[in-house]
Amino acid sequence: MALAHEVAFDVNLIEDDGGGLAGWAPVGTRTALSAHAERDTAMLISGAVVSAAGPNQRVRRPSGRSYVVASRRADKEDGLRRAVPAGALVPRVTYRVVGWVGVQGQGEGASGDGRHHAVRVGLRVDDDSGDDERGSWLDCGAARVEVGGGWAEINGAFRLRARPRVAAVHVHGAPAGVDVKVMDLQVFATDRKARFTQLKEETDKVRKRDVILKLGGGATMAGASIRVVQLENRFPFGSCINKTAIRNPKFVDFFCDNFDWAVFENELKWYSTEPQRGQISYRDADELLDFCHRHGKSARGHCIFWAVDGDVQQWVKDLGRDDLAAAVQGRLHGLLSRYAGRFRHYDVNNEMLHGRFYRDRLGDGVAPLMFCEAARLDPAARLFVNDYNVLRGNDPNATPEKYVELVDALRRGGAAVGGIGVQGHMDSPVAGQVIRAALDKLAAAGGAPIWITELDVSEPDVGLRADDLEVVLREAYAHAAVEGVVLWGFMEGQMWRRDAYLVDADGTVNEAGQRFLQLQREWRSDALGIVDGDGRFKFRGFHGTYVAQVKAATGKMLKTFTVEKGDDSLELDLDIEI
């Protein structure tokens with residue numbers, strides 16, 4: 001267990017020793033390093049949006065001082081490395097890795113559209129285990145860098161389970177022959193408590209409002225006691241459900257007590273409703289939707305299509321172009337007409353950052369067509385894009401910038417993109433500032449609300465799982481653009497990913513689950529006081545539905561009211577006379 005006094009928070013562990021090549025070493029038999037100065041301090045920054053660095057939220061930009069170039073690279077694993085003082089790395093503490101990277105030259109090939117390369121940063125550690133002479137490797141982030149397009153930000157994190165003997169940060173990933181550039185690389189420990197203090201202040205601004213309750217009796221109500229209790233928070237939480245889970249009474253009890261929304265794990269996906277051509281069955285989806293209706297839960301429609309080849313059923317893959325186009329129309333009409341008005345959200349073409357099945361066969365225009373047709377068939381539903389790794393800073397195929405580009409392209413094609421879904425399948429560690437940077441960039445995408453749609457945090461140590469889950473939830477709740485969070489399950493044996501559950505198989509709520517419930521309690525208001533001489537009671541509370549209980553010598557009365565989002569004080573006439 002790490003002791004707090006061992007950790008120096010927000011201190012760069014690889015502080016520049018005067019610039020140039022000091023501290024850097026080449027990786028690769030042919031790799032050569034050279035130091036340079038950036039002459040154009042107003043150079044373009046790939047991605048255009050700068051983010052906060054440490055807990056004090058200072059704005060990060062390339063310093064423009066000096067940078068190191070790794071050239072003559074013979075392999076994508078070649079690059080450069082810099083030692084990290086192993087004695088300064090404390091187990092169970094989350095460290096961030098931030099900096100700026102660039103590339104020059106085309107090399108032997110480029111990723112994606114041919115104008116970009118992926119640059120990765122990782123930590124190589126040797127813990128004296130003797131099992132691997134090269135030690136173990138920890139992913140610390142990745143960036144998608146435009147060739148000749150300036151600098152792109154690295155913003156990742158790592159956490160150690162044991163104190164290492166040797167540790168070094170490596171920068172690599174671009175194809176052989178491409179020069180990799182690094183500027184301002186930093187490694188520092190995150191102060192979770194300090195970050196949470198800041199997030200609580202931001203949460204107060206984003207999720208709460210000043211309220212003045214005016215009681216109908218005016219001054220005659222002066223001196224009456226009043227208690228205001230929040231019944232429902234306007235910020236929704238949801239969970240994935242499936243046909244097996246809803247037969248488990250312990251699952252149902254926890255779900256109904258703690259969640260407002262549901263999403264079906266597999267039962268609405270095309271490969272489930274039509275596994276063979278023409279053999280269509282909505283029985284399982286109907287059962288889950290009926291379950292939601294009985295318990296008063298809203299439902300997300302996941303998903304109409306799935307863009308990744310491996311998740312498309314074989315009979316669809318076997319179709320020619322015309323038959324595939326007809327099948328797409330059939331799926332849209334069959335699903336959306338059947339359930340019009342019953343699903344409040346739809347993920348239209350799931351994971352388009354990671355797959356192009358329909359676009360490769362029917363052209364790029366098919367993606368906005370899916371949105372347009374879905375909007376015509378069910379105009380009340382909000383239509384989402386949905387993808388993974390966007391919040392993690394480690395996937396060059398799923399950067400926030402690429403996601404914004406996708407949304408912009410869909411809208412140019414006429415698509416009414418009503419929401420941005422970020423799945424949130426998180427592996428430890430979780431650094432709040434990495435999440436915040438991604439949310440800030442996504443919030444710039446035309447004002448579309450953000451939902452975390454498939455949150456799970458996979459970590460065997462349930463205490464660390466609780467810590468990581470709290471990080472994600474606090475970052476989401478404190479961000480004005482985030483409108484809801486849906487977990488991808490919560491119970492052991494009833495969810496996709498191992499080591500992510502909040503409730504044990506026997507119904508026991510574990511430490512991660514207790515942390516989730518603690519946050520839900522924290523985010524509900526409960527105010528007690530005395531009505532003033534003008535018959536008013538003032539409090540500041542979270543957005544949502546409330547009940548006020550007023551007691552006077554002549555009796556008592558209950559009254560419900562709602563606090564909606566707003567910047568100014570809310571004055572409500574409760575019309576209470578006792």
Side-chain angles (χ1 to χ4, degrees), residues 1-13 51-60 84-85 87-98 138 140-141 155-163 186-208 235 391-393 424 426-440 452 455 457-480 482 485 502 509-525 540 542:
M1 180 78 63
L3 300 177
H5 68 265
E6 291 187 89
V7 184
F9 294 112
D10 206 23
V11 174
N12 186 14
L13 301 181
S51 61
N56 58 5
Q57 293 290 290
R58 64 179 181 269
V59 175
R60 297 193 62 255
V84 180
L89 296 175
V90 179
R92 300 174 66 87
V93 171
T94 298
Y95 291 86
R96 290 184 60 206
V97 179
V98 300
L138 298 175
C140 298
N155 195 1
F158 68 88
R159 183 167 60 212
L160 299 170
R161 299 191 181 278
R163 196 181 292 272
Q186 301 179 53
V187 176
F188 54 88
T190 61
D191 188 340
R192 190 169 59 91
K193 290 183 179 180
R195 178 65 178 162
F196 286 175
T197 298
Q198 183 180 47
L199 290 175
K200 288 178 181 179
E201 296 173 357
E202 295 179 11
T203 294
D204 185 85
K205 298 175 184 177
V206 171
R207 304 294 175 193
K208 298 177 83 172
F235 188 95
L391 298 179
R392 295 185 58 192
M426 311 294 287
D427 292 304
S428 62
V430 176
Q433 294 89 342
V434 177
I435 295 171
R436 180 57 181 260
L439 293 175
D440 284 346
I452 298 181
L455 175 62
V457 177
S458 182
E459 164 57 55
D461 184 310
V462 70
L464 291 176
R465 188 189 315 162
D467 290 345
D468 287 344
L469 178 65
E470 183 177 3
V471 169
V472 182
L473 293 177
R474 286 197 183 277
E475 292 290 345
Y477 197 69
H479 201 287
V482 179
V485 173
L502 314 185
V509 180
N510 62 30
E511 187 175 350
Q514 293 292 351
R515 192 75 58 88
F516 173 71
L517 297 179
Q518 173 189 325
L519 289 173
Q520 286 201 321
R521 290 191 295 269
E522 179 183 320
W523 294 330
R524 290 206 177 193
S525 298
R540 183 169 178 80
F542 290 100

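Quick caveat, the model's predicted, so the values are computed rather than measured.
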Chemist: What closest approach, in Å, do Gly424 and Ile452 show between heavy atoms, and which atom pair accounts for it?
Modeler: CA-CG2, 4.4 Å
Chemist: Evaluate the side-chain hydrogen bond (donor to acceptor under 3.5 Å, both in side chains) criterion for residues Arg195 and Gln198: first the C-alpha distance (whole Å), next the side-chain angles of each, then the deciding distance (0.1 Å), finally the verdict.
Modeler: CA-CA 5 Å; Arg195 178 65 178 162; Gln198 183 180 47; 2.6 Å; yes
Chemist: CD1 of Ile435 to CD of Glu475: how many Å apart, nearest 0.5 Å?
Modeler: 6.0 Å
Chemist: Salt bridge or not between Arg161 and Asp461? Use side-chain N to carboxylate O under 4.0 Å.
Modeler: no
Chemist: Within this structure, what is the CZ-CD distance for the pair Phe196 and Glu201, rounded to the nearest 0.5 Å?
Modeler: 14.0 Å
Chemist: Please name all residues satisfying ring-ring contact (aromatic ring centres under 6.0 Å, His included) with Phe516, sequence neighbours left out, ordered by chain then number.
Modeler: Phe237, Phe259
Chemist: Below 4.5 Å, heavy atoms only, C-beta onward: do Val90 and Leu160 meet side chain to side chain?
Modeler: no
Chemist: When rounded to the nearest 0.5 angstrom, what distance separates OG in Ser458 from CG in Asp468?
Modeler: 10.0 Å
Chemist: To the nearest 0.5 Å, what is the distance between CD on Gln518 and CG on Leu473?
Modeler: 11.5 Å
Chemist: Should Glu470 and Leu519 be marked as a side-chain contact (heavy atoms from CB on, under 4.5 Å) after you check the CA-CA gap, both sets of side-chain angles, and the distance that decides it?
Modeler: CA-CA 8 Å; Glu470 183 177 3; Leu519 289 173; 4.0 Å; yes
Chemist: Could you check whether any side-chain heavy atom of Leu391 comes within less than 4.5 Å of a side-chain heavy atom of Val434, counting everything from C-beta outward?
Modeler: no
Chemist: To check you understand the geometry: which heavy-atom pair defines the closest contact between Ala480 and Val206, and what is its length?
Modeler: CA-CG1, 3.6 Å
Chemist: Tell me, do Arg392 and Asp427 make a side-chain contact under 4.5 Å, heavy atoms counted?
Modeler: yes
Chemist: Mind telling me whether Phe158 and Tyr95 have parallel, tilted or perpendicular rings, with 30° and 60° as the class edges?
Modeler: parallel
Chemist: Report yes if some heavy atom in the side chain of Leu517 is under 4.5 Å from a heavy atom in the side chain of Arg521; otherwise report no.
Modeler: yes
Chemist: Heavy atoms, side chains only, cut-off 4.5 Å: are Leu13 and Gln186 in contact?
Modeler: no
Chemist: When rounded to the nearest 0.5 angstrom, what distance separates CG in Asp10 from CG in Asp191?
Modeler: 8.5 Å
Chemist: Would Arg515 and Glu522 count as a salt bridge (charged side-chain N to carboxylate O under 4.0 Å, His left out) if you check the C-alpha gap in whole Å, the side-chain angles of each, and the deciding distance to 0.1 Å?
Modeler: CA-CA 10 Å; Arg515 192 75 58 88; Glu522 179 183 320; over 6 Å; no
Chemist: Looking only at heavy atoms, which two atoms of Ala157 and Pro429 are closest? And how far apart?
Modeler: C-CG, 4.0 Å
Chemist: Is Asp204 paired with Arg540 through a side-chain N to carboxylate O contact shorter than 4.0 Å?
Modeler: yes
Chemist: Regarding Arg524 and the six-membered ring of Phe542, is the cationic atom NZ or CZ under 6.0 Å from the ring centre and inside 45° of its axis?
Modeler: no
Chemist: Please find the pair of heavy atoms, one from Pro460 and one from Arg465, that lie closest to each other, and give the distance.
Modeler: O-NH2, 3.6 Å
Chemist: Indicate the atoms forming the closest heavy-atom contact of Val485 with Ala476, along with that distance.
Modeler: CG2-CB, 4.0 Å
Chemist: Do Asn12 side-chain atoms and Val187 backbone N/O form a donor-acceptor pair below 3.5 Å?
Modeler: yes
Chemist: Does Arg207 reach the main-chain N or O of Tyr477 with its side chain, forming a donor-acceptor pair under 3.5 Å?
Modeler: yes
Chemist: Check the pair Val471, Arg192 against side-chain contact (heavy atoms from CB on, under 4.5 Å), reporting the backbone distance first and the verdict last.
Modeler: CA-CA 8 Å; Val471 169; Arg192 190 169 59 91; 3.8 Å; yes
Chemist: Is the shortest heavy-atom distance from the side chain of Leu464 to the side chain of Asp467 under 4.5 Å?
Modeler: yes
Chemist: Please step through ring-ring contact (aromatic ring centres under 6.0 Å, His included) for the pair Trp523 and Phe235, ending with a clear verdict.
Modeler: CA-CA 9 Å; Trp523 294 330; Phe235 188 95; 7.4 Å; no
Chemist: CD of Glu511 to CG of Leu502: how many Å apart, nearest 0.5 Å?
Modeler: 11.5 Å
Chemist: Are any side-chain N or O atoms of Thr94 and backbone N or O atoms of Arg159, one a donor and one an acceptor, separated by less than 3.5 Å?
Modeler: no
Chemist: Evaluate the side-chain proximity of His479 to Glu202: yes if any heavy-atom separation is below 4.5 Å, no if none is.
Modeler: no
Chemist: So Met426 and Glu459, side-chain contact (heavy atoms from CB on, under 4.5 Å) or not? Walk me through it.
Modeler: CA-CA 9 Å; Met426 311 294 287; Glu459 164 57 55; over 6 Å; no
Chemist: I need the minimum non-hydrogen distance between Leu455 and Val472, along with the two atoms involved.
Modeler: CD1-CG1, 3.7 Å
